[in-house]
Structure formats: structure tokens, C-alpha cells
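Worksheet: the structure to be examined is printed underneath.
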Amino acid sequence: MTALHAPLDLQEDVAAPPLRWLNRYARLGPAFYTLLPAQAVPEPHWVARSDDLAASLGWPPDWAERPDWRALQVLAGATPWQGAEPLATVYSGHQFGVWAGQLGDGRALLLGEIDTPRGPMELQLKGSGMTPYSRMGDGRAVLRSSIREFLCSEAMHHLGIPTTRALAVVGSKLPVRREAIETAAVVMRVAPSFLRFGHFEHFAHHDQPASLRTLADYAIERYYPECVDTPNAYAALLEAVARRTATLIADWQAVGFCHGVMNTDNMSLLGLTIDYGPFGFLDGFDPGHVCNHSDHQGRYAYARQPGVALWNLHALAQALLPLIANGEEVSEATGELALEAIEPYRSGFAETLQSRMRAKLGFATVDDGDPALIDGWLELLAAERTDFTIAWRRLADYTEADPSPVRDLFLDRAAFDAWAVRYAIRLRAEASIDAERAERMNRVNPKFVLRNHLCENAIRAAQGGDFGETARLLEVLQHPFDEQPEHAADADFPPDWAQTLEVSCSS
Ligand code: AMP
Ligand code: MG
């Protein structure tokens with residue numbers, strides 16, 4: 001194991017930007033983490049930054065260059081920020097449906113929590129070196145996966161989908177061994193909390209009910225205060241998490257996002273998209289699409305995500321049973337209470353997805369026939385693996401007089417026409433005005449998503465030392481619903497080589 005750096009108070013080299021540190025996780029006590037500094041990457045350089053995120057934190061526009069911030073050195077792990085209390089949290093989880101024991105934080109470091117105009121936010125470095133939870137890993141992240149996480153976090157945020165965010169990436173020449181030798185990078189991530197289902201599973205599995213309770217009380221007080229005045233605050237917490245998860249997964253399905261590794265340690269307690277690994281946006285619509293090359297069983301296929309999220313909620317429910325029992329022995333009644341608490345996931349997911357799909361179809365009202373119409377459209381897309389993003393976007397331009405923009409996407413014109421008749425009747429029934437409908441639809445059907453090949457282009461350029469493409473793509477993805485005609489190529493069909501891109505867990 002690489003030697004750890006000296007404790008913070010022995011380092012003279014401290015930067016002191018005017019941040020107000022709250023560090024409430026650190027107050028939980030040593031059962032929940034290990035305090036340790038980052039291990040620096042040598043000769044760091046900037047790869048990418050989200051100035052938009054920095055601004056939303058209330059940071060000055062020149063934060064990255066200010067001598068008093070020393071941001072490059074801080075992100076590289078070479079210099080701490082005064083007031084930070086870097087720590088690796090401990091969590092466990094189920095991977096691919098199997099209990100995997102202790103998993104993290106193997107390569108992430110919570111620097112602390114700061115006060116911002118958006119409320120308290122935690123700052124985390126990912127790829128900042130080994131921790132006591134690194135297992136066989138090296139504590140590092142490669143440039144390739146760091147750019148993927150950076151771009152997708154910001155893309156998801158601008159799509160309006162709950163997510164952890166990424167402030168910046170720094171790169172280094174430090175070699176990192178994956179399938180081949182690559183170079184290291186560090187991402188700074190930002191979220192109100194990085195708590196995962198796996199944090200709770202950890203203390204439940206190790207039969208530490210007091211710590212479990214401390215963590216749950218912390219989560220309730222900080223993130224789910226509405227649960228306090230309920231008959232069973234822990235069941236209420238579970239239900240609230242189930243509801244947020246339902247919204248999150250409906251959002252993913254609606255935009256064609258596959259997470260790729262929905263293990264319970266990658267499920268956010270706040271219902272955020274977290275841990276961008278082998279994720280992918282659907283190109284051609286294939287419900288069975290598996291974006292993670294290492295997922296041989298297709299456990300995390302696009303169409304399975306809603307069911308997997310429910311499975312994961314069961315794991316969280318299991319972990320919370322001792323708390324839900326409220327001082328009594330866990331009994332059948334406790335189990336029933338827990339199951340009842342996650343039940344709203346099903347209806348919440350179904351209702352949210354229906355409403356997203358209705359909006360995507362441009363409907364302003366609700367009709368009993370909508371589910372069949374939605375299914376009919378998705379069947380059309382699936383039959384020919386029609387491009388998901390392009391098809392939805394073009395549907396906005398559909399009119400009875402000229403359906404060609406969308407109709408031309410299908411080889412089976414008769415199948416499209418049969419569906420379009422029903423669509424037209426439905427639109428007429430609500431006296432829909434084409435131009436207004438198109439405008440509504442273009443606000444919910446993105447023109448730009450982070451397709452694999454776009455990301456790959458940015459990565460290849462960055463690996464050659466050119467970070468301009470990453471910056472350009474970030475800007476495009478910050479306005480996913482705008483036409484941006486000058487970037488039309490980014491909204492086009494993927495090139496043939498995109499089909500051969502393979503994304504694995506290796507990151
Ligand atoms: P993931 O499925 O990518 O979220 O990874 C599962 C766990 O493995 C995470 O909790 C990380 O802490 C840990 N991990 C992944 N990659 C590394 C690495 N290179 N070094 C240390 N730990 C790692
Ligand atoms: Mg993870």
C-alpha cells in the first residue's frame with residue numbers, strides 16, 4: 001500500500017478560500033468513516049470545469065485561477081483547503097444481486113460540506129488515492145472515466161434529472177493500470193449528500209443498530225425532515241426514499257438513460273443519479289439494451305431498471321427493519337410495515353413515467369387511452385430500433401398535413417401510419433395546436449444527449465492533450481432542449497463505429 005500523507009495539521013501548505021465549512025458528516029463519529037488526506041497526483045493540469053456549477057455554489061468566476069484558492073493543487077490532492085476534514089466513508093452493498101460486503105469509499109474522499117446559496121453541499125474528490133476501503137483497487141480513476149462522469153453529471157443536471165454534479169476534472173501523467181496503462185484523473189463531485197443505500201446496509205449487516213439509528217436520524221434530520229412527525233419515522237424515511245427513487249427511474253426511462261451498474265452501493269439515498277460508470281443513452285430503441293459490457297446476464301438492461309430499483313429498495317427496507325421495529329423484535333408486522341413503505345414506488349414510478357410520456361407526446365390533458373398510445377409508439381420504435389432521441393424530437397414536427405419528418409424514420413410506413421391515425425385523433429380530441437404542441441414537446445424531448453460516440457470523441461482528444469472538445473460538448477449539453485443548429489452534428493444518428501464501442505466496469 002502506498003504511504004499516506006502526513007495528517008493535515010502537519011501540512012503547512014494550506015489554501016484558505018472563503019468557504020464556510022459545515023462538515024456535518026464528520027460530526028457523526030469514527031464509526032462512519034476514516035479521516036485521511038488525499039494522495040496527490042503529480043503535475044496536475046486542468047481537463048474540464050463546470051463554471052455554471054461553480055457559479056451556483058456562489059464561487060467567483062476566477063475560482064480556478066485564484067492564488068488564495070489553489071484549486072488545481074487542491075483537486076490534485078496536493079494541498080488541502082483550510083476547514084476541510086477529508087474522510088472516506090464506509091459502506092457495503094449488493095453487487096449484481098449478491099451481498100458483496102464492504103465496498104467503499106475505495107477511491108473517493110469527502111472533503112467536507114460547505115454552505116452555498118443552494119444549501120449545504122458536500123465536496124468529494126474521486127480518484128484521490130487509496131483508502132482503508134480500497135480492497136484490491138488502486139484508489140485511482142482514469143482520465144477516460146473521469147471525463148465520462150464529468151460530462152454526464154452535467155448533462156443529466158441540465159436535462160432536469162436529479163444527479164450528483166461534477167465541478168471539475170484534473171489530469172496527471174500518473175500511470176494507472178486497467179486493461180491497458182492509462183493516466184490518472186481526479187473529479188470533484190458535488191451533492192447535498194453522497195449517502196447510498198449501502199451505507200445503511202453496512203451497519204445493518206454488521207449488526208450495529210446504534211450506528212444504523214444514528215445514520216438514519218442524521219438522514220432524516222438533514223434530508224427528510226418531513227418524516228419526523230410521523231408514527232414511524234424510519235418507515236416514513238423508507239417511503240420517502242422510495243418515492244424519490246420512483247421519480248428518478250421514471251426520468252431515466254423517459255430519456256433513455258441506462259445506468260449500467262445499479263448495485264445498492266450505487267443507489268443514492270436522495271434519489272440522485274450517482275456513480276457514472278458504464279452508463280449509456282439509448283441510440284436505437286432496444287428495451288433489452290445492456291450498456292455495461294461486464295453485465296453478462298443483462299441484469300441492468302434498460303427495461304429492467306425499474307424492477308432493479310424496487311429490488312434495491314427491498315435491500316434498503318431489509319436494512320432498516322431493526323429501526324422500523326421501534327425497539328421491539330423484528331416481526332412479521334415489521335416486515336409488512338416496511339413492504340408497505342416501499343409500495344408507493346410502484347404507483348409512483350408508473351404515474352410519473354406516464355406523465356413524462358404524455359408530455360413527451362405533447363398531450364396537455366389526460367386520456368384513458370394514453371397508455372395504449374404510448375405503448376404503441378414504443379413498439380414502433382422497438383420494431384426497427386429507431387433512434388430514441390431523434391424519433392421523439394421529430395415527433396414534435398409531426399402534423400397531419402405533413403407527417404414526413406418523423407414518418408421517414410420508419411421502414412414500415414404502414415405501421416407508423418396506423419399509429420399516427422390514433423395519435424392524430426387524440427390530438428384533435430384536445431384541440432391541440434401543432435405549433436404550441438411542438439414547442440411543449442421540444443422542452444421535454446432533448447435534442448442533445450451524451451451519446452457514447454460523442455463522449456468517445458472528447459475522450460480521444462483529451463487523451464491527446466486537447467480538452468477543447470470536452471469543453472465544447474459540455475456547453476452543448478448545458479442546453480439540451482435548444483436547437484443549436486451550429487452543433488447539429490451532435491444530434492445526428494450515431495456513426496457505425498459507435499456500435500462497436502464497449503463500456504465496461506473498468507474505470
Ligand atoms: P463501482 O461499482 O464502480 O461503484 O465500484 C464499487 C466499489 O469499488 C466502489 O465503492 C469503490 O469504492 C470501489 N472501487 C472501484 N474502483 C476502485 C479503485 N480503482 N480503487 C479503489 N476502489 C475502487
Ligand atoms: Mg460505486
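From a predicted model like this one, the values you see are computed outputs, not experimental measurements. Atoms within a ligand are numbered from 1 in the order they appear, just like the ligands themselves. Heavy-atom basis, side chains included; hydrogens, waters and symmetry copies ignored.
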**Message:** Inside 2.8 Å of the Mg ion (ligand 2) but strictly below it, how many protein N/O/S atoms are present?
**Reply:** 2

**Request:** Before accepting this row, confirm whether a basic side-chain N of the pair Glu475/Arg472 lies closer than 4.0 Å to the acidic partner's carboxylate O.
**Result:** no

**Asked** Are Ser507 and Arg107 side-chain neighbours, meaning at least one heavy-atom pair lies under 4.5 Å?
**Response** yes

**Request:** Take atom CZ of Arg118 as the centre, draw a 6.0 Å sphere, and report whether it contains more than 12 heavy atoms from other residues, nucleotides or ligands.
**Result:** no

**Request:** Quick one: closest heavy-atom pair of Leu19 and Ile114, and the distance?
**Result:** CB-CG2, 4.1 Å

**Asked** Trp21 vs Trp81 aromatic rings, parallel, tilted or perpendicular, using cut-offs 30° and 60°?
**Response** tilted

**Under 3.5 Å donor-acceptor, Asn312 side chain and Met262 backbone** = yes

**Asked** Going by atom types alone, do Thr264 and Glu201 pair a side-chain donor with an acceptor below 3.5 Å?
**Response** yes

**Message:** As a test of reading the model: which residues have a non-hydrogen atom less than 4.0 Å away from ligand 1?
**Reply:** Tyr91, Gln95, Leu103, Gly104, Asp105, Gly106, Arg107, Ser134, Arg135, Gly137, Asp138, Gly139, Arg140, Arg178, Asp265, Asn266, Asp275

**Item:** Among Val255, Leu272, Thr247, side-chain contact (heavy atoms from CB on, under 4.5 Å) partner for Ile161
**Value:** Val255

**Asked** Do the rings of Trp63 and Trp46 sit parallel, tilted or perpendicular, given the 30° and 60° boundaries?
**Response** perpendicular

